[in-house]
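Okay, so here's the structure we're looking at.
Proteins come first, then strands; the chains are lettered A, B, ... in the order of their sequence lines, and each starts at number 1.
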Amino acid sequence: MNYVLLPPAMKDSLPQIIEAGVQAAISDLYGADGAAQTITLQATRKEFEGEFTVVTFPLTRVAKKKPDEIANDLGEYLKEKVDEVADFNVIKGFLNLVIQDNYWKEFLLSSAVADDFGKASANGETVVVEFSSPNTNKPLHLGHVRNILLGWSASQLLEMAGYDVKKVQIINDRGIAICKSMLAWQLFGDGATPESTGKKSDHFVGDFYVLFEQKFQEEYKLWQQSEEAQAIFGKSAKEGLSAEAFFKSYSKKYFNDYSKLGEQAREMLLRWEANDPEVRALWEKMNNWVYAGFEETYAALGVTFDKLYYESNTYVLGKDMVDKGLEMDVFHTREDGSVYADLTDAKLSEKTLMRADGTSIYITQDLGTARLRYDDFGAKRMLYTVADEQNHHFATLFELLKRLEEPYADGLYHLSYGMVDLPSGRMKSREGTVVDADDLMKEVIHEARLVSQERAATEGLSQEDQDAIIRQIGLAALKFHIIKVGPQKRMTFDPKESVDMQGQTGPYVQNAYVRTRAVWRKADETGASADLDLAKDYTDLAPAERELVHQLYGFPELVKTAAESYDPSLIAMFCYELAKNLHKFWHDHSILSAETPAAIAFRLQLCKAVGNTLQSGMNLLGIQVPERM
RNA sequence: GGGCCCGUAGCUCAGGGGAUAGAGCACCUGACUUCUAAUCUGGCGGUCGCAGGUUCGAAUCCUGCCGGGCUCACCA
C-alpha cells in the first residue's frame, strides 16, 4: 500500500530506520549477523523520556552481555550513526530513543498538516461491504445501529486505505413476517395510513406487526381453554410441565396447525408467491412505507448505500451455483433428489442446498447473491456485517464458495460482532424491551440540547445552525459510545452512559477539535502568523508537543491496521488519546501568547494537524465535528 | 455432546510475549480575569475466572477445568 505520508527524504519510517540501525550495530559491535535478528521495538511508556524503545533481552544470546550493557552499546551507536536519533536512556534493559526535533518538525510541517494526511492512494481494487440488511416488518433498533456503525466505519476505513468501496444491503422484504403486518393492516387497519395517523411510516407498519402478535396471542389464549387444546396438553405434555410452560413452547405449532390468523397469514404468503396482484399491491404499499421510514433513519445516521438487493429478487438465485457444484462433483444428490454438500472434512456439517421438491433454501440464495455481486462490481473482496450468531452460517457459505472455486472466494470476510445487551439483559421484541433507533437518537439529541443550554458557546448563531450542532453532539455521544467497543465483544448498552458527554466520549473528542478551530479563528483576528517557514525556526519542542507529533505520526499506519482488521474501535481509541493530549497541551501551554513568533506559528500548525486528524478519524467513524460547541 | 466467542478495578471497556496491568464512569479533591472548564490536577480502587505448563520474562502462548453467550435445520 502506498501512503502519501512522507516527503522523499523521509520515505523510510522511523521503525524501519531504527531497526536497520540496531541490526547494523549488532553486526558491527558483536560480529553477529544483525540482519538475522528480529528487533523488538515498541512505543516508549509515557513515564520515560523518548519515543521508541528497543527491548534488549532477546539479544543477550548474540551479544553475550547483560541487557543494560547491550542497551548502552546500542544507544551510543545509534546516537552517533543514525541522524534521526538525538539521544537515549537506558532503564533496566530497555533502550529508550529520543528522536531529533528536526525530524518531528519536518514531518509535521510537510506531511501531517496536509488535508489528505493518512489517506492511501487508490489501489484499483473494489470491495463490497454489506451492512444493515433489515427485515421490512419493523423499524430499525439498537442492534441495527451497531451493525450500521460498524459497516459504515469499515467502509470508510477501506476507502481511506485505497479501496473502491461499494456499500450494499440486502433487504428481507418477503416472507411470513411482512405478511403478518399486511394481514393485520387488512383486518384491523381500517384504511389507515402513515399520513392519516401522523406516524413515521416504518413505525406505522411495525405497529401492525405488533398488533398481529397481540391478536394472535389473544386467539391463542382463548384456544388454550378449548377441549382440543386441553386434550393436546394432556397427551403431549411431559410429566410435571405446567400448562403455561407447555403452551409457551407450543406456540409455533399452534400457529402452523390450528390458528385462524396463522392460516390467513400463510395463505397470504402463498398468494404472494403466486403473484396475486392484490396481495402484491398491498405488499408494495406497505414495504414502500417501511422504506420511506428507513430512509429517514439512515439519513439521520448519515449513511448511504450504493446498491440495494431485495430478497424478493434474490431468493430465486443460486440454482445455477448448485448445478455448477454438481458438475464439479463438490455437491451431491440424495436418493430423494435433494442436493447437499459434505463439509465434515472442514469441521462443518453436511449442508442441504436444495430440497427434494427443487426449492432452494436460505444459503442457496446467498451463493447466488455472492455471484451476483461479483458480476455487478467485479469485487474480489466482500464483507458481510452480520451478528456473531451467524458465524457458522458464514463459515459454511465461504467454504461452499471456495469449493465452487469462485474467483472472489478468498476475499470473503464475515465482519462478525457481538450482540447488544441492555443492563436488564437481552433485548426481546416479545417483551417490548427493544430499543428503537429513532427514539435513541431523539434521546441523545435531547440530552445534548440540555447540556448545550447551560453554555453560551454557540450564541449568535442562527437557530438552525445551533440545532445542527446539537444534533452532531448528540449523535457523536451515541456513535462513539457504541463504536469504541471492539466488534467481537458482546456489549452492554446502558442508555444513561450513552448520553455522557464527558470523559471518553464523542463530545470530548469534538471539543478538542473545536479548540483547534477556535485558536485559528482568534489568530485570524489578531493577525498571528502561522507561516510554515517561520514555524521551522521553532526549536526545543516541549514534551507535550513531541507527544502530539509522535501520535500524529502513527495515524497512517493505524488506518492501515484498522482497515485490514476491520476494527473501527482502534480509530476511536486513537481519537480519544489524541484529543486527551490536545486538551492537556492546551491547558499547559499558551499558543497565541507563546514566547516567540516561531513558537506561535509552530503551535498553530500543530493545532491544524491535530484538528485535521481528529476530523478524519471521527469521519471514519461516521461522526461529524462542529466548528464550535 | 461437538465447534466458535467472551471472562481484566464497583460499572463500561483498552491492552493479546516485555518495564510498576491502563482509561472512562462512579466516589473524594483542587483549578475558570486567559486561545472554549463538554477541560485540566491529585486521590481511591486489581487473586487479569481457576489450576498446571512453555519462557530470561505470561493478563497475553499451550493444556485442563469453571462461568456466560452463540451455534451445530430440507428456518431466515
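- In this structure, of B/C6, B/G18, B/G15, it is B/G15 that holds the atom nearest to the side chain of A/L570.
- For the pair A/R174 and A/Y315, the distance from NZ or CZ to the six-membered ring centre is under 6.0 Å and the angle to the ring normal is within 45 degrees.
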Next on the checklist: One pair to check against side chain to side chain donor-acceptor pair (under 3.5 Å): A/N137 and A/S181. What are the steps and the verdict?
Outcome noted: CA-CA 6 Å; A/N137 62 309; A/S181 295; 5.3 Å; no
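- The closest side-chain donor-acceptor pair between A/T136 and A/N287 falls under 3.5 angstrom.
- Under the rule for a side-chain hydrogen bond (donor to acceptor under 3.5 Å, both in side chains), the partners of A/K65 that lie at least two apart in sequence or sit in another chain are A/D73.
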Checklist entry - Which dot-bracket notation, 5' to 3', represents the base pairing of RNA chain B when pairs are defined as Watson-Crick or G-U with both distances under 3.5 Å, crossing pairs as [ ], and inter-strand pairs as |? => result (((((((..((((....[...)))).((.((.......)).)).....(((((..]....))))))))))))....
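- Nucleotides B/U60 and B/C48, compared at atom C1', are 10 Å apart to the nearest Å.
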Checklist outcome for this item: Given protein heavy atoms under 4.0 Å, the one-letter contact record of nucleotides 30-36 of chain B, with B base, S sugar-phosphate only and - none, is simply -----BB
What does the list of N/O pairs under 3.5 Å between the protein and nucleotides 20-29 of chain B look like, with a distance for each?
{"unit_1": "B/U20", "atom_1": "OP1", "unit_2": "A/K92", "atom_2": "NZ", "d": "2.8"}
{"unit_1": "B/G22", "atom_1": "OP1", "unit_2": "A/R45", "atom_2": "NH1", "d": "3.3"}
{"unit_1": "B/A23", "atom_1": "O3'", "unit_2": "A/K580", "atom_2": "NZ", "d": "3.4"}
{"unit_1": "B/A23", "atom_1": "O2'", "unit_2": "A/Q504", "atom_2": "NE2", "d": "3.2"}
{"unit_1": "B/A23", "atom_1": "O2'", "unit_2": "A/Y576", "atom_2": "OH", "d": "3.2"}
{"unit_1": "B/G24", "atom_1": "O2'", "unit_2": "A/Q504", "atom_2": "N", "d": "3.3"}

Checklist outcome for this item: Quick tally for nucleotides 57-63 of chain B: nucleotides whose base has a protein heavy atom under 4.0 Å get B, sugar-phosphate-only ones S, the rest -, giving -------
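- Note on residues 501-523 of chain A: pairs passing salt bridge (charged side-chain N to carboxylate O under 4.0 Å, His left out), not counting sequence neighbours, are A/R517-A/E627.
- In this structure, A/S338 reaches the bases: a heavy-atom distance under 4.0 Å links it to at least one base atom across the strands shown.
- Considering only residues two or more places apart in sequence or on other chains, A/S429 meets the side chain to side chain contact (heavy atoms under 4.5 Å, CB included) condition with A/V434.
- Sorted by first and then second residue, the salt bridge (charged side-chain N to carboxylate O under 4.0 Å, His left out) pairs with a member in residues 494-514 of chain A form an empty list; sequence neighbours excluded.
- The shortest side-chain heavy-atom distance between A/T60 and A/I70 falls under the 4.5 Å cut-off.
- A donor-acceptor pair is defined here as one N or O able to donate and one able to accept, closer than 3.5 Å; no such pair exists between the side chain of A/T492 and the backbone of A/L422.
- Classification of A/R449 and A/D467 as a salt-bridged pair holds, one side-chain N sitting under 4.0 Å from a carboxylate O.
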Considering only distance and modelled atom types, tabulate donor-acceptor pairs under 3.5 Å from the side chains of residues 475-488 of chain A, sequence neighbours left out.
{"unit_1": "A/K479", "atom_1": "NZ", "unit_2": "A/L301", "atom_2": "O", "d": "2.7"}
{"unit_1": "A/K479", "atom_1": "NZ", "unit_2": "A/G622", "atom_2": "O", "d": "2.6"}
{"unit_1": "A/K484", "atom_1": "NZ", "unit_2": "A/Q504", "atom_2": "O", "d": "3.4"}

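- Residue pairs meeting the salt bridge (charged side-chain N to carboxylate O under 4.0 Å, His left out) criterion with at least one partner in residues 50-61 of chain A, sequence neighbours excluded, are A/E51-A/R546.
- Comparing B/C74, B/A19, B/U12 by their nearest atom to the side chain of A/T44 picks out B/A19.
- Residue pairs that meet the salt bridge (charged side-chain N to carboxylate O under 4.0 Å, His left out) test with at least one member in residues 40-50 of chain A, sequence neighbours left out, are A/R45-A/E47.
- Side-chain N/O atoms of A/K496 include none lying less than 4.0 angstrom from OP1 or OP2 on B/C11.
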Mind listing the N/O atom pairs, protein and nucleotides 67-73 of chain B, below 3.5 Å?
{"unit_1": "B/G69", "atom_1": "O2'", "unit_2": "A/R490", "atom_2": "NH1", "d": "2.9"}
{"unit_1": "B/C70", "atom_1": "OP1", "unit_2": "A/R426", "atom_2": "NH1", "d": "2.4"}

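- No hydrogens or angles considered: nothing links the side chains of A/Y309 and A/E130 as a donor-acceptor pair under 3.5 Å.
- Here A/D366 contributes atom CG and A/F394 contributes atom CZ; the two are 6.0 Å apart, rounded to the nearest 0.5 Å.
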